[in-house]
Amino acid sequence: MKTYSWQEIAKHNGSNGSYWLVIHGSVHDLTNFLEEHPGGEEILMNLAGKDASECFDDIGHSYDAKTLCKKFKIGVVFNDRGINLFYQ
Ligand code: HEM
């Protein structure tokens, strides 16, 4: 599984055309999902390059939504406190 630093993740905030969001330690490339997101693209665009775990949980996303997340997973966050895995 590939690991990414926050420094690298922060670059994918939309300014270079790609949108990465971190949810519970997993890094997701949501660039091709923005338009499809039932909750709208703006909410995702605003959190690109950042940790979106709190927002994701607050919505109470369905099991299907959580499963869908896996499709967009590209790796995990690496930090010096270890790797926090939400799912494999
Ligand atoms: C991989 C990431 C995500 C996926 C696959 C995803 C998928 C979905 C899906 C399938 C729904 C429809 C409702 C459901 O099935 O629960 C939904 C609704 C929604 N999502 Fe997401 N979502 C993601 C991330 C996020 C994040 C990070 C936020 C917050 C910034 C967010 C905010 C919302 C909102 C506001 C709704 C609408 C809820 C409603 O209408 O009641 N989503 N999302």
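Note that ligands are numbered from 1 as they come in the structure, with each ligand's atoms numbered from 1 the same way. Position 1 is the first residue of the sequence, and the numbers go up from there. Atom set for the values below is all heavy atoms of this structure, side chains included, hydrogens, waters and symmetry mates excluded.
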Is there any protein N/O under 3.5 Å from an N/O of ligand 1, and what does the full list of such pairs look like?
unit_1   : atom_1 : unit_2 : atom_2 : d
ligand 1 : 15 (O) : Ser62  : OG     : 2.6
ligand 1 : 16 (O) : Ser62  : N      : 2.8
ligand 1 : 16 (O) : Ser62  : OG     : 3.3
ligand 1 : 20 (N) : His37  : NE2    : 2.8
ligand 1 : 20 (N) : His61  : NE2    : 2.8
ligand 1 : 22 (N) : His37  : NE2    : 2.9
ligand 1 : 22 (N) : His61  : NE2    : 3.0
ligand 1 : 42 (N) : His37  : NE2    : 2.9
ligand 1 : 42 (N) : His61  : NE2    : 2.9
ligand 1 : 43 (N) : His37  : NE2    : 2.9
ligand 1 : 43 (N) : His61  : NE2    : 2.9

Checklist entry - Roughly how far apart are Met45 CE and Asn13 CG, rounded to 0.5 Å? => result 11.0 Å

Checklist entry - Quick one: does Ser53's side chain have a donor or acceptor within less than 3.5 Å of a partner on His24's backbone? => result yes

Item to check | Over all atoms of both residues, closest heavy-atom pair of Leu21 and Leu44 | outcome: CD1-O, 3.7 Å

Item to check | Nearest-0.5 Å distance that lies between atom NE2 in His61 and atom OG1 in Thr67 | outcome: 12.0 Å

Checklist outcome for this item: Nearest heavy-atom approach of Lys73 to Ser26 is NZ-OG, 3.0 Å

Item to check | Within 45° cone of Phe72 ring axis and under 6.0 Å: Lys70 NZ or CZ | outcome: no

